[in-house]
**Student:** 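This is the structure I want to talk about, given as structure tokens.
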Amino acid sequence: TQPDDLIGYVLLKYISAGIQNKSAGSPPFKNVDVDISSDMYTQLTMFSIPFPPDIRLSCIFAWVSDTALPLVLIPTTCGTGSEGNGFAVLTNPENGDKKSLRCNAIVAKVSIVDPDCMKTMPKHVLAAVGFDALCHCMEAYTSKISQPFTDALALYAIDLIAHNLVDVYKGRGTQESWEKITLASTIGGMVINTAGVTLAHGMEHPASGLKDIVHGKGLAALTPVIIEASYKGDHFKFAKIARIFGGITADDLAPKIELF
């Protein structure tokens, strides 16, 4: 039995309890307590999951659906890319646990991406969200599940960010510069919807959840180190990004990103 199977086992218990509650006439949203049996405890401890044998797990039971009220999104920052994907991020304020929510139901029906809605961002916000957008594109491009379509879009967006973000940040960006940055941000959201993110995002989410670090700043601290440790896995792709930033080979990328 694998850990994913164990999670499924617990979820089935949730669902079973929820169905019983619904059939008894209780509301469709119901607090459900589920006991973990002794055999379940044994399997969990095999995977070093520290659950005591008498634990009772509670959850909010709800009927699951792939539909929702239509969303019309107007981004006011150019970083998350949420206007182009089905991702959201939730943080539990009690324990700092930060998780991604991925669901087709939250893909926007319409996204209005207008740089004029973003020009009042403070510079520190612009820098952070801009670097987040860059990471979305670089991570999607170097992802193990990337594909030719995401590669082409990601490289295009990396180039847009590399040659426009600094100008926009320093106040010398034109309207066209702003348009290119906002386009790149939306592309970043779209490519991670298919190719996903990699280690930088995986390591940053726990850090910002636990220590209240600004997401983009956390990525800026982690990304050069992670590139340095990762580029040997795909010299060609990392070198291609490096050349966009003025480098030549894959080992030029980390210093270029650190100075960006």
Side-chain angles (χ1 to χ4, degrees), residues 4 7-8 10-12 14-15 18 22 27-32 58-118 121 125 128-141 143-147 149-150 153-154 157 161 181-209 212-216 218-219:
D4 285 349
I7 294 170
V10 174
L11 290 176
L12 283 173
Y14 289 162
I15 293 169
K22 186 170 176 62
F29 293 90
K30 176 71 177 177
N31 285 333
V32 180
S58 295
C59 75
I60 303 298
F61 180 82
W63 300 111
V64 178
S65 173
D66 286 330
T67 60
L69 291 174
L71 295 174
V72 177
L73 302 184
I74 306 174
T76 56
T77 66
C78 48
T80 69
S82 298
E83 69 276 11
N85 61 38
F87 288 4
V89 177
L90 303 175
T91 302
N92 184 339
E94 294 183 0
N95 59 14
D97 189 22
K98 189 173 183 179
K99 298 292 187 188
S100 292
L101 169 66
R102 305 181 182 191
C103 177
N104 288 334
I106 60 173
V107 175
K109 298 298 182 185
V110 175
S111 289
I112 301 172
V113 184
D114 183 350
D116 286 340
C117 295
M118 308 178 195
M121 274 188 291
V125 174
V129 297
F131 197 84
D132 187 19
L134 174 62
C135 288
H136 288 161
C137 299
M138 292 194 300
E139 292 177 43
Y141 181 60
S143 166
K144 294 295 185 183
I145 58 171
S146 65
Q147 51 166 277
F149 290 106
T150 56
L153 285 168
I161 295 170
I181 290 297
T182 54
L183 174 60
S185 174
T186 301
I187 290 172
M190 294 169 67
V191 292
I192 64 172
N193 200 53
T194 299
V197 291
T198 57
L199 185 58
H201 268 76
M203 292 183 68
E204 200 289 323
H205 275 189
S208 57
D212 197 28
I213 300 167
V214 174
H215 178 55
L219 288 171

**Student:** Report the C-alpha distance between I192 and E139 in whole Å, list the side-chain angles of each, state the deciding distance to 0.1 Å, and finish with yes or no for side chain to side chain contact (heavy atoms under 4.5 Å, CB included).
**Tutor:** CA-CA 8 Å; I192 64 172; E139 292 177 43; 5.8 Å; no
**Student:** Under 3.5 Å, sequence neighbours excluded: what are the donor-acceptor pairs made by side chains of residues 128-136?
**Tutor:**
unit_1	atom_1	unit_2	atom_2	d
D132	OD1	H136	NE2	3.0
D132	OD1	H201	NE2	3.2
D132	OD1	H215	NE2	3.3
H136	ND1	G79	O	3.4
H136	NE2	H201	NE2	3.3

**Student:** Rounded to the nearest 0.5 Å, what separates atom CG in L153 from atom SG in C137?
**Tutor:** 9.0 Å
**Student:** Taking T150 for the side chain and A195 for the main chain, is one N or O donor matched with an acceptor at less than 3.5 Å?
**Tutor:** no
**Student:** Using every non-hydrogen atom in the two residues, find where A140 and V191 come nearest and quote the distance to one decimal.
**Tutor:**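 Closest approach of A140 to V191: CB-CG2, 3.6 Å.
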**Student:** Anything under 3.5 Å between a donor and an acceptor, one on a side chain of residues 96-114, the other on a protein residue two or more places apart or in another chain? List them.
**Tutor:**
unit_1	atom_1	unit_2	atom_2	d
K98	NZ	S208	OG	2.7
S111	OG	E83	O	2.6
D114	OD1	D116	N	2.9

**Student:** Keeping the roles fixed (side chain from N193, backbone from G86), state whether a donor-acceptor pair exists under 3.5 Å.
**Tutor:**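 Pair found, side chain donor or acceptor close to backbone of G86.
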**Student:** How close do S143 and G196 get, counting heavy atoms only, and between which atoms?
**Tutor:** CB-O, 4.5 Å
**Student:** If you count heavy atoms of other groups shown closer than 6.0 angstrom to CE of M190, is the number above 12?
**Tutor:** no
**Student:** Supply the atom-to-atom distance I181 CD1 to T186 OG1, rounded to the nearest 0.5 angstrom.
**Tutor:**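 It is 11.5 Å, given to the nearest 0.5 Å.
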**Student:** Taking all non-hydrogen atoms of both residues, which atom of L73 and which atom of S82 are closest, and how far apart?
**Tutor:** CD1-O, 3.7 Å
**Student:** Provide the closest heavy-atom pair for A207 versus I213 in the form atom of the first, atom of the second, distance.
**Tutor:**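 Between these two residues, the closest heavy atoms are O-CD1, 3.8 Å.
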**Student:** Looking at N95, I want to see if its CG is surrounded by more than 12 non-hydrogen atoms of other residues, nucleotides or ligands under 6.0 Å.
**Tutor:** yes
**Student:** Applying side chain to side chain contact (heavy atoms under 4.5 Å, CB included) between M118 and each of I74, T182, V125, T77, report the one that passes.
**Tutor:** T182
**Student:** Shortest non-hydrogen contact from T194 to Q147?
**Tutor:** CG2-NE2, 3.3 Å
